[in-house]
Asker: 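Dropping a structure here in structure tokens format, bear with me for questions.
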Amino acid sequence: QVQLAESGGGLVQAGGSLRLSCAASGLHVSMMTMGWFRQGAGKEREFVASITYGTPTIYYADSVKGRFTTSRDSAKNTLYLQMNGLKPDDTAVYYCAGDPSGMSAESMRSERLYRYWGQGTQVTVSS
């Protein structure tokens with residue numbers, strides 16, 4: 001049974017940092033394309049970042065490029081999202097997702113392409 005469990009969300013002031021974790025079981029993060037998405041209140045879920053399996057390639061949404069970094073720890077079977085320079089617009093529930101697809105990181109921007117999802121973690125950025 002595949003499970004993805006996000007953690008690390010919370011309340012932070014604008015300009016601050018948070019690191020989200022996505023602990024995986026039933027799949028290995030280095031053998032899946034993994035993605036981060038977020039959904040603000042009253043908004044559609046949007047793509048944040050993706051990282052392919054094997055020798056990874058990474059793709060970021062323009063809105064987070066230069067501020068967010070995704071990585072994985074194969075030994076811990078965990079995906080991370082380091083978020084720096086947070087803005088109030090970053091306030092959302094953040095989800096990790098995984099799929100065995102071999103598509104490029106840039107291609108994996110649609111939530112419909114991901115088979116497995118976590119339950120999400122709330123990030124709130126105050127101004």
Asker: Does the Ser21 side chain pair with the main chain of Tyr80, one donor and one acceptor, at a distance under 3.5 Å?
Answerer: no

Asker: Taking side chain as C-beta onward, heavy atoms only, is Ser71 less than 4.5 Å from Gln82?
Answerer: no

Asker: What is the distance from atom CZ of Arg109 to atom CE of Met103, rounded to the nearest 0.5 Å?
Answerer: 9.5 Å

Asker: Taking all heavy atoms of Pro56 and all of Ile51, pick out the closest pair and write down the distance.
Answerer: CB-CG1, 3.6 Å

Asker: Is a donor on one side and an acceptor on the other found under 3.5 Å between the side chain of Ser50 and the backbone of Ala105?
Answerer: yes

Asker: Could you label the plane-to-plane angle of the Phe37 and Trp117 rings as parallel, tilted or perpendicular, counting under 30° as parallel and over 60° as perpendicular?
Answerer: tilted

Asker: Taking all atoms of both residues into account, what is the closest heavy-atom pair of Met83 and Tyr94, and its distance?
Answerer: SD-CE2, 3.9 Å

Asker: Check the pair Arg72, Ser30 against side-chain contact (heavy atoms from CB on, under 4.5 Å), reporting the backbone distance first and the verdict last.
Answerer: CA-CA 7 Å; Arg72 65 185 184 220; Ser30 64; 3.9 Å; yes

Asker: Please answer: with hydrophobic residues joined when any side-chain heavy atoms are less than 4.5 Å apart, are Leu81 and Tyr116 in the same cluster?
Answerer: yes

Asker: What heavy-atom pair brings Phe47 and Met108 nearest, and what distance separates the two atoms?
Answerer: CE1-O, 3.6 Å

Asker: Answer whether the closest heavy-atom distance between the side chains of Thr70 and Leu79 falls below 4.5 Å.
Answerer: yes

Asker: Do other residues, nucleotides or ligands put more than 12 heavy atoms under 6.0 Å from the CE atom of Met31?
Answerer: no

Asker: For Thr91, does its backbone N or O pair with a side-chain atom of Thr124 as donor and acceptor, under 3.5 Å?
Answerer: no

Asker: Hey, are Thr52 and Thr57 close enough side-chain-wise for a donor-acceptor pair under 3.5 Å?
Answerer: yes

Asker: Is there a chain of hydrophobic side chains (I, L, V, M, F, W, Y, each step under 4.5 Å between heavy atoms) that links Phe68 to Tyr59?
Answerer: no

Asker: Out of curiosity, Lys87 NZ to Ser127 OG, how far, rounded to the nearest 0.5 Å?
Answerer: 14.0 Å

Asker: Before accepting this row, confirm whether a basic side-chain N of the pair Lys65/Asp62 lies closer than 4.0 Å to the acidic partner's carboxylate O.
Answerer: yes

Asker: Testing the basics here: between Thr33 and Tyr114, what is the closest heavy-atom pair and its distance to 0.1 Å?
Answerer: O-CE2, 3.9 Å

Asker: Shared ILVMFWY cluster between Leu20 and Ile58, side chains joined below 4.5 angstrom?
Answerer: yes

Asker: Hey, are the side chains of Leu113 and Asp99 touching, using non-hydrogen atoms and a 4.5 Å cut-off?
Answerer: no

Asker: Looking only at atom types and distance, does a side-chain atom of Glu6 sit under 3.5 Å from a main-chain N or O of Gln119, one as donor and one as acceptor?
Answerer: yes

Asker: State the CZ-OG distance between Arg38 and Ser63, to the nearest 0.5 angstrom.
Answerer: 4.5 Å

Asker: With the 4.5 Å side-chain cut-off for hydrophobic clustering, are Val64 and Val12 part of the same group?
Answerer: yes

Asker: Taking all heavy atoms of Ser17 and all of Asn84, pick out the closest pair and write down the distance.
Answerer: OG-OD1, 2.9 Å

Asker: Can you list every pair that meets disulfide (SG to SG under 2.5 Å) and has a residue in residues 68-116, with sequence neighbours left out?
Answerer: Cys22-Cys96

Asker: Using modelled atom types and a 3.5 Å cut-off, is there a donor and acceptor pairing between side-chain atoms of Asp73 and backbone atoms of Thr78?
Answerer: no

Asker: Taking Leu27 as the starting point, is it possible to reach Tyr95 by hopping between hydrophobic residues whose side chains are less than 4.5 Å apart?
Answerer: no

Asker: Please step through side-chain contact (heavy atoms from CB on, under 4.5 Å) for the pair Arg115 and Val2, ending with a clear verdict.
Answerer: CA-CA 10 Å; Arg115 185 177 305 180; Val2 174; over 6 Å; no

Asker: Hey, is the main chain of Val29 close enough, under 3.5 Å, to the side chain of Asn77 for a donor-acceptor pair?
Answerer: yes

Asker: Of the non-hydrogen atoms in Pro88 and Ala14, which two are nearest, and what is the gap between them?
Answerer: CD-CB, 4.1 Å

